[in-house]
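Below is one structure, written out as structure tokens; the observations come after it.
Counting starts at 1 for both ligands and their atoms, in listed order. Since the model is a prediction, treat every value here as computed from it, not as a measurement.
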Amino acid sequence: MLDLVSNYHTHTYRCHHAKGSDREFVEAAVSAGLKTLGFSDHAPFPYKNGYVSKPRMALSELGDYFASICALRDEFAGKIDIHIGLEAEYYVALWPEFKAIIADYPCEYLLLGHHYYSLDEQSSYLGVAFDDAKLLELYTDQVVAAIESGDFLYVAHPDIANFTGSEKAYSEQARRICRAAKAAGMPLEVNALGMRELRWYPRGLFFEAAAEEGNDLIIGVDAHHPKHFTDEEAETAIKDCRDFADSFGLKLLDSMPL
Ligand SMILES: [Zn+2]
Ligand SMILES: [Zn+2]
């Protein structure tokens with residue numbers, strides 16, 4: 001059992017780097033004791049010139065994604081509340097077209113999950129260590145604009161940029177994200193997958209800025225495998241996320257209004 005009521009950050013096999021059937025994720029969340037499960041697989045974008053982005057579903061899979069999760073939501077009603085959204089970058093150039101596309105589907109929410117500092121065909125993954133403060137600023141500009149757009153439920157792994165340059169520059173940019181999120185009343189995620197896999201995030205330096213701004217936090221399992229709800233490491237990761245938030249004196253929300 002996880003010490004967790006709700007999770008809004010769950011992937012499916014459609015993104016090519018998650019494993020397990022949609023049903024297995026739901027069954028795992030039920031057995032972990034969750035009351036609310038939100039699916040938020042990596043959103044497809046209407047890229048130009050035939051570009052195919054690997055770590056996300058194709059536009060042609062949206063129909064199947066929503067149909068499958070809706071059917072599970074109805075089947076598991078009374079056992080667990082299932083919600084359906086997407087995790088998306090805020091790609092301004094593609095945004096109007098993206099929103100028009102998802103308007104045809106029962107998409108309840110978007111998580112802001114920025115993984116690149118520009119369009120993914122033009123830049124590398126933010127998890128690759130970098131020390132160029134200009135790129136960190138570019139990432140931050142996009143996250144702040146995304147928060148201010150009002151289109152997102154919360155900011156997933158706000159600290160994903162693996163910036164190895166000066167701590168002062170990092171803290172300044174972190175502060176901009178925290179301040180924008182606070183002004184928008186939007187929580188920041190403590191990412192349990194990063195915690196579990198001892199990644200470079202959750203990053204204390206980011207959450208020091210959050211502590212100064214008084215942000216609300218929320219735990220995201222970021223499940224890419226059903227076991228991310230059920231194994232011993234899952235339990236430890238959630239406990240570690242709670243201890244992490246406590247160490248900064250920050251409040252963890254149990255759920256989001258949907
Ligand atoms: Zn992923
Ligand atoms: Zn994710």
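Between Lys182 and Glu213 there is no salt bridge, since no side-chain nitrogen of the basic residue lies less than 4.0 Å from a carboxylate oxygen of the acidic one. Remark: Arg196 does not engage Asp222 in a salt bridge, criterion side-chain N to carboxylate O under 4.0 Å. Comment: Lys19 does not engage Glu24 in a salt bridge, judged by the lack of any side-chain N to carboxylate O separation of less than 4.0 angstrom.
Although no hydrogens or angles enter the test, the distance criterion places no donor-acceptor pair under 3.5 Å between the side chain of His83 and the main chain of Asp81.
Side-chain atoms of Tyr90 and Gln142 form no donor-acceptor pair, as typed in the model, at a separation below 3.5 Å.
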| request: List the steps, then state whether ring-ring contact (aromatic ring centres under 6.0 Å, His included) holds for His157 with His114. | output: CA-CA 8 Å; His157 42 62; His114 239 88; 9.5 Å; no

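For the Zn ion (ligand 1), the count of nearby protein N, O or S atoms, meaning those under 2.8 Å away, is 3.
In summary, His157 places no N/O/S atom under 2.8 Å from the Zn ion (ligand 2), failing the contact criterion.
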